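The structure presented is a predicted model; accordingly, all values stated were derived computationally and were not measured.
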Amino acid sequence: MRGAAVPGDRFRLVGRWVLLLVGALIAAGLVAYMYAYGPRAQVASPTAGEDATSFDTAALDRETVHIGWTAWADAELVTAMVERLLEEHFGLSVEPMMADVGIQYQAVARGDLDAMLMAWLPVTHRDYWERVGGDVVNLGPLYTGRLGWVVPDYVPEDVLGSIEDLQDPEVARRVGSRIQGIDPGSGLMQASEQAFRDYDLGHIELVPASGAAMTAVLDRAIRREEWIVVTGWQPHWKFASYDLRFLEDPRGSLGGRERVNAIVRRGFEKDFPVEVTSFLSRLELPEEDVAELLLRAQETEVEQAVAEYLDAHPARVNYWLTGRFDEG
């Protein structure tokens, strides 16, 4: 019939609308990206992380302690412990603020955040520290840790005991030609990228994800008894839940033992009672206690694990709070 649309015309019309829709989505995505990761929201040009956030200094009051954290099991636990002690024993209000690690460093340096409790030094966060270390105050280590690549213990150590073994194409094939990572922009992922260069692992893919996704992938592989390599760190509850081991790192690409430090903005000790700064300087947890706390938090919840630990160690808590070794 005259004037009737033929099928080809309809398909071309639909195609134009699809192209317009795709173009609009791409434009919206670019706007969102620039808003989240523009110059104000970056430090050391980190890859966009899962919790990237920028902070407005004018929006933060000085009657509340604003603490940055990332959704890593140990960071969540220590932040919850500090929050509880600051509120119960010093009468302060605490607001944890989730953000990518690189953004936290920049925010503390600018004074947009009061503190962060997850500064892995001297190697893991070296790039961030070189940029902002002179603009923040390091109150010392909270606990010690280690980064590396981790495999289930059933993977034969004589076949895959070192990162160097992944240079073998057959070994790489057995692990799916991939290393399961965590959030992009983290110090562990940056160190892993360096390891890829140092060990010439271009035939293997480093897969970014969240810490929770990494442990989910690990759990699934273990249940199937599959070979897998994941980026990992201690302390972490997975070492208490599964039989795991670190791969040897003869070139030291992933660093050695690290100290996880509390850092605060300049002027922190003037804006809050001096006892608060002293408390954060004294707070230090044995690594084995952190591991037990993390496992307990998995079994119950973070707040309950923290409360039980504080109740079970009154002398230690009293020292943190007062500097005295008696139970108070």
- [ ] Give the C-alpha distance, both sets of side-chain angles, the deciding distance and a yes or no for side chain to side chain donor-acceptor pair (under 3.5 Å) between Thr124 and Glu258.
- [x] CA-CA 8 Å; Thr124 305; Glu258 293 278 87; 2.7 Å; yes
TODO: Assess whether side chain to side chain contact (heavy atoms under 4.5 Å, CB included) is satisfied between Ile179 and Leu201, documenting all intermediate values.
DONE: CA-CA 10 Å; Ile179 309 296; Leu201 300 179; 5.9 Å; no
Open item on the list: Let's go through Trp129 and Val136 carefully: what are the C-alpha distance in whole Å and the side-chain angles of both, what is the deciding distance for side chain to side chain contact (heavy atoms under 4.5 Å, CB included) to 0.1 Å, and is it a yes or a no?
Closed with: CA-CA 9 Å; Trp129 190 254; Val136 302; 3.6 Å; yes
Open item on the list: Has His236 got a side-chain atom pairing as donor or acceptor with Trp72's backbone, closer than 3.5 angstrom?
Closed with: no
TODO: Measure the CG-CG distance between Leu280 and Asp114 for me, rounded to the nearest 0.5 Å.
DONE: 10.5 Å
TODO: Taking His89 for its side chain and Leu85 for its backbone only, find out whether a donor-acceptor pair lies under 3.5 Å.
DONE: no
- [ ] Determine whether Met214 and Phe246 fall in the same hydrophobic cluster, where Ile, Leu, Val, Met, Phe, Trp and Tyr are linked whenever their side-chain heavy atoms lie under 4.5 Å apart.
- [x] yes
- [ ] Please answer whether the main-chain N or O of Gly134 pairs with a side-chain N or O of Arg266 as donor and acceptor at a distance below 3.5 Å.
- [x] yes
Task: Donor-acceptor contact below 3.5 Å, side chain Gln104 vs main chain Ala99 - done: yes
TODO: Classify the side-chain pair Gln194/Gln190 by whether it contains a donor and acceptor separated by less than 3.5 Å.
DONE: no
Task: Worked check of side chain to side chain contact (heavy atoms under 4.5 Å, CB included) between Glu164 and Arg251 - done: CA-CA 9 Å; Glu164 287 182 328; Arg251 302 188 185 183; 4.0 Å; yes
- [ ] Verify side chain to side chain contact (heavy atoms under 4.5 Å, CB included) between Asp165 and Val159, making sure each step is shown before the conclusion.
- [x] CA-CA 7 Å; Asp165 294 328; Val159 178; over 6 Å; no
- [ ] Establish, from distance only, whether the side-chain atoms of Tyr242 and Asp219 form a donor-acceptor pair under 3.5 Å.
- [x] yes
Open item on the list: Tell me if the centroids of the rings in Phe90 and Phe272 come within less than 6.0 Å of each other.
Closed with: no
Task: Salt bridge present between Arg146 and Asp249 (N-O < 4.0 angstrom) - done: no
Open item on the list: Go through it in stages, so that I can follow the logic: the residues are Trp233 and Tyr143, the test is ring-ring contact (aromatic ring centres under 6.0 Å, His included), and I'd like the CA-CA distance, side-chain angles, deciding distance and then a yes or no.
Closed with: CA-CA 13 Å; Trp233 66 95; Tyr143 54 96; over 10 Å; no
